[in-house]
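None of these values were measured; they are calculated from a predicted model. No hydrogens, no waters, no symmetry mates; every other heavy atom, side chains included, goes into these values.
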Amino acid sequence: MKELLKKILSKFEREERPRLKFRRGDKLPLMMAIACIITATATYMVLSGTAAYAKKLAALRAITPEIQDYELGDYSFEPVTTKRNILFSITSEGELCRVHVLTFDEDKHTLDIMDIPPDTFVSCGGFEGTLSEAYETEVYTEIVSMALSIHLDGSVSTDVKAISDCVNLLGGVKLTLDKELKIGENILSKGERTVLGSVASIIISDREAYTDGDTDRITAYHRLLMSLIQTLKDKGAVEWVSLTLNIIVNKVETDMTVSEIIELINLLNETNAENINIQLLTI
């Protein structure tokens, strides 16, 4: 399998990359290469995504009157078609600890990441409560969509342990801390180092950084996230997907289809590091 992947990737690098320009729906060589890797799990992911989506639709229909009222109040989705917004959530011990909206611009090849505190209070569509409480409902994605007044093209969620395992499989990620950080009972010294999953999990699960208003700990998380993204790009899509396939299949929940996931991988692959921005958002 590894030799086959190398041959596919080598051919792609030689013949296709110079003229690669991604458009939604195109059948790209990279998509085909990744599809080869995940063929054995495609049916599972499609059925899981379909089932999850059906549940959310059923629950959403149950609050139709509230949604209609909200629409009468001039609520509308963002009409920009060149952007794809993905809700990415991370849990720790069953509780929501990180909430992000990833906005890919297909034409400009940029990625904007909104980091939203999980204890943010929202009131929309008949729901009132924090994002953490919304996560426990069947219409979490719809609630976030309404709260931000944007259309979400998909939702992905996983836990800290899964990301920690990914960091280990990738061989660690680089992280620079400007000062010593104390996170719970853990103390992280300042300086540049390559961190593995154990340290990554300490930083990622630190949801108290928002309530404490500790900008240094929030910045540390943003740097870790940026470093993880850069590591994925440096590895190359085919390699990191093959390394983390077991985690993607078994520890990631999504309402997206396999083809939609492959499109996101392509978008990430085409986004330059300097065109990736992370911002803390409060509603």
Please check this pair: side chain of Ser201 against backbone of Gly197, looking for a donor-acceptor N/O pair closer than 3.5 Å. yes
Has Arg223 got a side-chain atom pairing as donor or acceptor with Thr176's backbone, closer than 3.5 angstrom? yes
Carboxylate-amine/guanidinium proximity below 4.0 Å for Asp119 and Arg207: yes
I'd like to know whether CD of Gln279 has more than 12 heavy-atom contacts from other residues, nucleotides or ligands below 6.0 angstrom. no
If you apply the rule side-chain contact (heavy atoms from CB on, under 4.5 Å), what do you find for Lys83 with Asp153, and how did you get there? CA-CA 9 Å; Lys83 294 183 178 180; Asp153 298 282; over 6 Å; no
With rounding to the nearest 0.5 angstrom, report the CE to CG distance, Met114 to Asn277. 12.5 Å
Does any part of the side chain of Tyr135, heavy atoms only, come nearer than 4.5 Å to the side chain of Ser157, both counted from C-beta? yes
Taking the side chain from Thr120 and the backbone from Leu131, do they hold a donor-acceptor pair closer than 3.5 Å? no
Does any N or O in the side chain of Thr271 come within less than 3.5 Å of the main-chain N or O of Leu267, such that one atom is a donor and the other an acceptor? yes
So do Arg193 and Val195 actually touch side chain to side chain, heavy atoms under 4.5 Å? yes
Between the main-chain N or O of Leu268 and the side-chain N or O of Lys233, is there a donor-acceptor pair closer than 3.5 Å? yes
Whether the Asn85 and Thr103 side chains hold a donor-acceptor pair (N or O, under 3.5 Å, no angle test) is what I'd like checked. yes
Is the shortest side-chain heavy-atom distance between Ile265 and Ile261 below 4.5 Å? yes
One should read off an interatomic distance between Thr82 OG1 and Lys108 NZ, to the nearest 0.5 angstrom, of 7.0 Å
Thr141 versus Leu152, closest heavy-atom pair with distance: O-CD1, 3.5 Å
Distance-only, no hydrogens or angles: does the Asn250 side chain make a donor-acceptor pair with backbone N or O of Asn246 under 3.5 Å? yes
Non-hydrogen atoms of Asp255 and Ser155 that approach each other most closely: OD1-N, 2.9 Å
Do Leu196 and Leu243 share a hydrophobic cluster (ILVMFWY, side-chain heavy atoms under 4.5 Å, transitive)? no
Are any side-chain N or O atoms of Asp206 and backbone N or O atoms of Ile202, one a donor and one an acceptor, separated by less than 3.5 Å? no
Restricting to non-hydrogen atoms, name the atom on Ile278 and the atom on Met226 that form the minimum distance, rounded to 0.1 Å. CD1-CG, 3.4 Å
Using every non-hydrogen atom in the two residues, find where Cys124 and Ala147 come nearest and quote the distance to one decimal. SG-N, 3.8 Å
Is the backbone of Ser227 close enough, under 3.5 Å, to the side chain of Thr231 for a donor and an acceptor to pair up by distance? yes
Interatomic distance, CD1@Ile113 vs CD1@Ile86, rounded to 0.5 Å, equals 12.0 Å
Taking atom NZ of Lys182 as the centre, does the number of heavy atoms from other residues, nucleotides or ligands within less than 6.0 Å exceed 12? yes
Would you give the length of the straight line joining atom OG of Ser145 to atom CD1 of Ile150, rounded to the nearest 0.5 angstrom? 6.5 Å
Which of parallel (below 30°), tilted (30 to 60°) and perpendicular (above 60°) describes His100 and Tyr221? tilted
Given Tyr210 and Leu280, is the side-chain contact (heavy atoms from CB on, under 4.5 Å) satisfied, shown in steps? CA-CA 10 Å; Tyr210 301 111; Leu280 178 64; 3.7 Å; yes
Could you please spell out the steps behind the side-chain contact (heavy atoms from CB on, under 4.5 Å) verdict for Leu148 and Ile116? CA-CA 11 Å; Leu148 298 178; Ile116 311 171; 3.9 Å; yes
For the residue pair Ser89 and Tyr140, confirm or rule out a side-chain donor-acceptor distance under 3.5 Å. yes
Would one find more than 12 heavy atoms of other residues, nucleotides or ligands at under 6.0 Å from atom NZ of Lys251? yes
Just by distance, do the side chain of Arg98 and the backbone of Asp115 share a donor-acceptor pair under 3.5 Å? no
Do Arg84 and Leu264 have side chains that approach each other closer than 4.5 Å (heavy atoms only, starting at C-beta)? yes
Examine distances only and state if a side-chain atom of Thr130 and a backbone atom of Glu133 form a donor-acceptor pair shorter than 3.5 Å. yes
For residues Ser123 and Glu128, is any side-chain donor paired with an opposing acceptor at under 3.5 Å? yes
Check for me, please, whether Ile247 and Ile262 land in the same ILVMFWY cluster - side-chain distances under 4.5 Å, paths through other members count. no
Looking only at heavy atoms, the pair that brings Thr244 and Cys166 closest together is CG2-SG, 3.9 Å
Can you confirm whether Val156 sits close enough to Leu102 that some side-chain heavy atom of one is under 4.5 Å from a side-chain heavy atom of the other? no
Yes or no on side-chain contact (heavy atoms from CB on, under 4.5 Å) for Leu111 and Asn275, after CA distance, side-chain angles and deciding distance? CA-CA 6 Å; Leu111 170 59; Asn275 293 331; over 6 Å; no
Is the number of heavy atoms from other residues, nucleotides or ligands under 6.0 Å of Glu180 CD greater than 12? yes
Taking atom OG1 of Thr91 and atom CD1 of Ile204, what is their separation to the nearest 0.5 Å? 11.0 Å
Between the CD1 atom in Ile183 and the CG atom in Asp216, the distance rounded to the nearest 0.5 Å is 10.5 Å
Are Leu169 and Leu245 in one and the same hydrophobic cluster, where Ile, Leu, Val, Met, Phe, Trp and Tyr link if side-chain heavy atoms are under 4.5 Å apart? no
What pair of heavy atoms forms the shortest contact from Val167 to Val173, and how long is it? CG1-N, 4.2 Å
Side chains of Val139 and Phe127 in contact at under 4.5 Å (non-hydrogen atoms): no
